[in-house]
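Structure first, then comments.
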Amino acid sequence: METKEFEFKGSVLNGFLMLFVNIAVLILTIVGIVESIIMLDATDGSQGGWLLGFCGLMIIVNIIMWCGHMQLEPNEARVTTWFGKYAGTFAQTGFFWINPFYGTKKVSLRARNLDAEPIKVNDKTGNPVMIGLVLVWKLKDTYKALFEVDTQTMAAAPNTVGADTKGLMNALENFVRVQSDAALRQVAGQYAYDDEDTKTGEPTLRSSADEINEQLEQKLDERLALAGIEVVEARINYLAYAPEIAAVMLRRQQASAIITAREKIVEGAVSMVKMALDKLSSEEIVELDDDKKAAMVSNLLVVLCGDDNAQPVVNTGTLNH
């Protein structure tokens with residue numbers, strides 16, 4: 001998306017140099033005021049009056065000059081305006097002085113973290129689920145952040161925006177929170193929680209975390225680009241059924257797990273019975289007719305598939321009657 005941000009091209013002076021200049025002007029002004037008072041007490045009062053007036057004017061100028069100092073730390077910037085017109089973004093690190101008639105608003109370019117509370121949404125199949133995300137974002141375009149989004153109204157204390165970075169960043173964080181909520185609802189509604197019932201093999205919220213996170217980042221980028229915000233990373237960090245259906249879904253998962261386990265047990269038991277019959281037949285240990293085989297198969301399956309320990313019955317008779 002096209003940006004209107006550009007680098008500040010106005011005059012920038014070393015802050016320490018201007019600090020010494022302003023201190024020198026202040027000292028000379030104070031000396032001038034003292035001298036003018038002495039002259040007023042003397043016979044030459046008119047010159048003292050002119051000097052006092054000039055010193056008063058210099059005090060006003062000196063106060064205005066002090067307002068031109070600004071200090072920037074790494075990953076901070078100043079957005080400048082000239083009587084309401086955007087004049088560029090200044091992002092150099094250090095202590096500087098610019099024309100005090102430039103309006104400046106300090107912004108932070110550092111990465112910020114948002115841990116969104118889980119929200120209730122309906123998945124693709126209509127089941128209510130609780131889903132939350134963690135988002136890492138940072139300011140990329142200062143022009144859009146200040147002039148494309150109404151940060152003044154969104155801030156809890158509008159008068160602090162510009163004077164205090166915290167007011168602006170909190171306003172942007174509220175914007176990110178609302179848009180991340182909307183994006184999360186949009187993405188979660190396109191996928192089912194799981195496919196244990198349908199077995200379609202389609203991506204789900206549980207099984208396709210990487211794909212979901214990638215699409216979530218894309219949706220957030222689209223929504224937050226308006227405010228000049230870049231998404232560094234977005235991840236789903238909480239996923240569960242909503243409380244009203246959690247108990248039912250837990251029983252369903254338990255039943256599914258039991259059925260799967262039983263299938264494995266039966267499959268193994270049948271294999272072991274077959275192996276036992278083949279072993280008895282190949283080594284000619286005993287000859288069994290169909291009825292005896294059926295009884296043996298039944299007994300072995302009961303022993304192998306039962307949950308409780310089987311109580312054996314010892315047959316001391318013969319196999320043939």
Side-chain angles (χ1 to χ4, degrees), residues 1-23 63-115 134-180 217-218 220-234:
M1 188 178 292
E2 185 180 356
T3 178
K4 298 179 182 178
E5 180 186 273
F6 57 85
E7 185 179 353
F8 177 69
K9 296 181 175 60
S11 298
V12 179
L13 300 178
N14 185 280
F16 293 102
L17 173 62
M18 292 304 299
L19 177 64
F20 294 141
V21 170
N22 286 331
I23 292 175
I63 292 174
I64 295 175
M65 295 286 286
W66 279 104
C67 296
H69 291 280
M70 66 177 184
Q71 176 180 327
L72 286 179
E73 297 177 358
N75 286 320
E76 287 185 344
R78 291 269 186 171
V79 180
T80 62
T81 55
W82 180 255
F83 295 99
K85 183 180 179 180
Y86 175 63
T89 299
F90 185 80
Q92 296 183 34
T93 302
F95 186 48
F96 303 95
W97 184 91
I98 65 172
N99 189 330
F101 289 100
Y102 279 108
T104 62
K105 295 181 179 181
K106 188 177 180 180
V107 296
S108 174
L109 306 179
R110 297 165 182 166
R112 298 173 71 89
N113 186 60
L114 174 65
D115 187 6
V134 59
L135 173 66
V136 181
W137 62 276
K138 63 180 180 179
L139 192 59
K140 185 178 181 180
D141 191 320
T142 58
Y143 179 90
K144 291 180 180 179
L146 267 73
F147 304 118
E148 297 288 348
V149 179
D150 191 5
T151 49
Q152 294 283 353
T153 303
M154 290 191 300
N159 293 332
T160 65
V161 175
D164 183 11
T165 310
K166 184 178 179 180
L168 170 64
M169 301 311 295
N170 285 343
L172 290 175
E173 185 170 336
N174 290 334
F175 181 83
V176 172
R177 190 181 303 275
V178 173
Q179 294 302 320
S180 62
E217 287 186 16
Q218 180 182 352
L220 285 169
D221 271 327
E222 294 174 357
R223 292 174 176 272
L224 299 180
L226 174 64
I229 294 172
E230 177 187 7
V231 176
V232 179
E233 183 182 19

Using a 3.5 Å cut-off and no angle test, enumerate the donor-acceptor pairs between side-chain atoms of residues 87-101 and protein atoms at least two apart in sequence or in another chain.
residue	atom	partner	partner atom	Å
Thr89	OG1	Tyr86	OH	2.7
Thr89	OG1	Thr142	OG1	2.7
Trp97	NE1	Met65	O	2.8
Asn99	OD1	Phe101	N	3.0

task: Grab the two heavy atoms, one from Glu148 and one from Lys4, that are nearest each other, plus how far apart they are.
output: OE2-NZ, 4.2 Å

message: Quick check for you: to the nearest 0.5 Å, what is the distance between Glu233 atom CD and Glu217 atom CD?
response: 6.5 Å

task: State, to 0.1 Å, how close Ala77 and Leu109 come at their nearest heavy-atom pair, and which atoms those are.
output: CB-CD1, 4.1 Å

message: For the OG1 atom of Thr104 and the CE atom of Met70, what is their distance to the nearest 0.5 Å?
response: 7.0 Å

- prompt: Looking at Leu220 and Ser180, what are the two nearest heavy atoms and their distance?
  reply: CD2-CA, 3.4 Å

CZ on Arg177 to CG on Leu135, rounded to 0.5 Å: 10.0 Å

CG-OG1 distance between Leu146 and Thr81, expressed to the nearest 0.5 angstrom: 9.0 Å

- prompt: Could you state the interatomic distance from CZ (Arg110) to CE (Met169), rounded to the nearest 0.5 Å?
  reply: 10.0 Å

query: Can you name the nearest heavy-atom pair linking Gln179 to Arg223, along with the distance?
result: OE1-NH1, 3.4 Å

task: Sort and list the pairs that fulfil side chain to side chain donor-acceptor pair (under 3.5 Å) and have at least one residue in residues 9-20, not counting sequence neighbours.
output: none

message: Other residues, nucleotides and ligands only: do more than 12 of their heavy atoms fall within 6.0 Å of CZ on Phe6?
response: yes

- prompt: Is there a side-chain contact between Trp66 and Ile23, using heavy atoms and a 4.5 Å cut-off?
  reply: yes

- line: Partner of Ile229 under side chain to side chain contact (heavy atoms under 4.5 Å, CB included), picked from Val149, Val176, Asp141, is Val176

task: Could you tell me which non-hydrogen atom of Leu139 sits nearest to which non-hydrogen atom of Ser108, and how far apart they are?
output: CB-O, 3.7 Å

query: Which pair of non-hydrogen atoms, one from Met18 and one from Leu13, has the smallest distance, and what is that distance?
result: SD-CD1, 3.6 Å

- prompt: Quick one: CZ on Phe175 to CG on Asn170, what's the gap to the nearest 0.5 Å?
  reply: 15.5 Å

